[in-house]
Number of protein chains: 2
Amino acid sequence: MDAVDRIVEQWARQRPDLDTAPMELIGRMARVRNHMARAMDQTFAEFGLNAASFDLLATLLRAGPPHALSPTDLAAMMMITSGTMTNRIDQLVKTGLVERRKSPTDGRGFLICLTPEGMALIDRAVTAHVATQARLVAALDPDQRAALNAALSGLLIGFEGEGAGDGAGDGAGKGGDAGEDTAT
Amino acid sequence: MDAVDRIVEQWARQRPDLDTAPMELIGRMARVRNHMARAMDQTFAEFGLNAASFDLLATLLRAGPPHALSPTDLAAMMMITSGTMTNRIDQLVKTGLVERRKSPTDGRGFLICLTPEGMALIDRAVTAHVATQARLVAALDPDQRAALNAALSGLLIGFEGEGAGDGAGDGAGKGGDAGEDTAT
DNA sequence: TCTGTTTGTCTTGACGTCAAGATAAATCTC
DNA sequence: GAGATTTATCTTGACGTCAAGACAAACAGA
């Protein structure tokens, strides 16, 4: 009897015509994701980061040497708008974790590079993040994990299409929510 | 080979020491949730609502007659702060879907009530919402659905504790994200 | 070469959220 | 009952996001 069960019960009384089985699934997934996001945020905070800045630094790290990407490429990979990208870069430049270099090939463009400090920080932060993630799924035994992963893959293929490009790129809503980093 | 696989592959090259199996699971769940949230937002928009206003109206509806709750109770159920609650109520009062009545028993308090218009709208919107949710899980066969639900329940119990109170109530981060309605 | 279009980045304005605190009413303690 | 505490709600200020558009540099066609 969890919180989702209580909500489903209320609907059964108020609108017995509704089939709430999908709601159970989706509701639980939303709640699980919220708990996980909260836990991961704590790990980020230990390194003076939030999900947004962690995501940017991690994207640069896992891109491989020379750990430099254009704001446009970063925004595409992280599925955020260019304005948001500018803002995130500004903050990380202020804290000295990345730097803006002029693109050698395009006078309009920049390359966002990890500084040595940024490199060192994100390297440690990623290690801690992976440990946090391991802890978050520890409650599941291997069979359950495999089943969960298979079901999620099935859904994801349905949403994104088998071998589509990188981003879902639909176009999110505006204010407040919609995302909280999508990957890493 | 989906987007999450590509990210995991990059980590394997850059940090082969990491066990990215949990990341796959969590990454897929985050992406699935984002796609679902986007689809549900579309349904809400068809009724002139967003996730926030839908959530409030639906909470009042499923609470049963007389479809009236205090802002404090609503905020607790929806796991948002009192300031956000004030804001959400203001908007729905402006559009005539709910009204503020003085509490008959507490001079400080109000009861937020569905107006007839709000009642009619949310009743139709919930029907459409449930249909959208059914469509979102249609890709899974009954076995997969059961396995997914079981795995999510297991995780949720781990996070919220077996029979705990209504809210997780931890205390979220501040700006931007953290939620996008949790239930309904 | 010159002009028009495309591309890369930043700026502006609006929105929804949160945290912290202000205000008013209710309740408790002596 | 009078003063202190708690509870219910709203207000303020800051933040991060998006959409739309401003601006500069690069490219393409005559």
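Each chain gets a letter, A, B and so on, in the order the sequences are listed, and its residues count up from 1. These numbers were taken from a predicted model, which means no experiment stands behind them.
- Rounded to whole angstrom, the span from the CG atom of A/Asn34 across to the P atom of C/dC18 amounts to 11 Å.
- Nucleotide C/dG16 holds its P atom 15 Å from the CG atom of B/Asp55, rounded to whole Å.
- For A/Asp106, the salt bridge (Lys or Arg N to Asp or Glu O under 4.0 Å) partners are A/Arg108, not counting sequence neighbours.
- The separation between B/Met79 atom CE and C/dC18 atom P is 11 Å, rounded to whole Å.
- For the side-chain hydrogen bond (donor to acceptor under 3.5 Å, both in side chains) condition, the pairs that include at least one residue of residues 116-125 of chain B, sequence neighbours left out, are A/Arg15-B/Asp123, B/Thr115-B/Glu117.
- Residue A/Gln91 has a polar side-chain atom (N or O) positioned under 4.0 Å from OP1 or OP2 of D/dG16.
- Checking each of A/Thr81, A/Asn87, A/Thr86 against A/Thr84 for a side-chain hydrogen bond (donor to acceptor under 3.5 Å, both in side chains) leaves exactly one that passes, namely A/Thr81.
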## Note on the structure
Reading nucleotides 6-12 of chain D from 5' to 3' and marking B where a protein heavy atom lies under 4.0 Å of the base, S where only the sugar-phosphate is that close, and - otherwise, the string is -BSSBB-
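- Taking A/Asp19 as the reference, nothing meets the salt bridge (Lys or Arg N to Asp or Glu O under 4.0 Å) condition, with sequence neighbours excluded.
- For A/Arg135, there are no salt bridge (Lys or Arg N to Asp or Glu O under 4.0 Å) partners, not counting sequence neighbours.
- Contacts of A/Glu46 classified as salt bridge (Lys or Arg N to Asp or Glu O under 4.0 Å), with partners at least two apart in sequence or in another chain: none.
- Atom pair A/Leu56:CG and D/dT17:C1' shows a separation of 15 Å (rounding to whole Å applied).
- Atom pair A/Ile80:CD1 and D/dC15:P shows a separation of 18 Å (rounding to whole Å applied).
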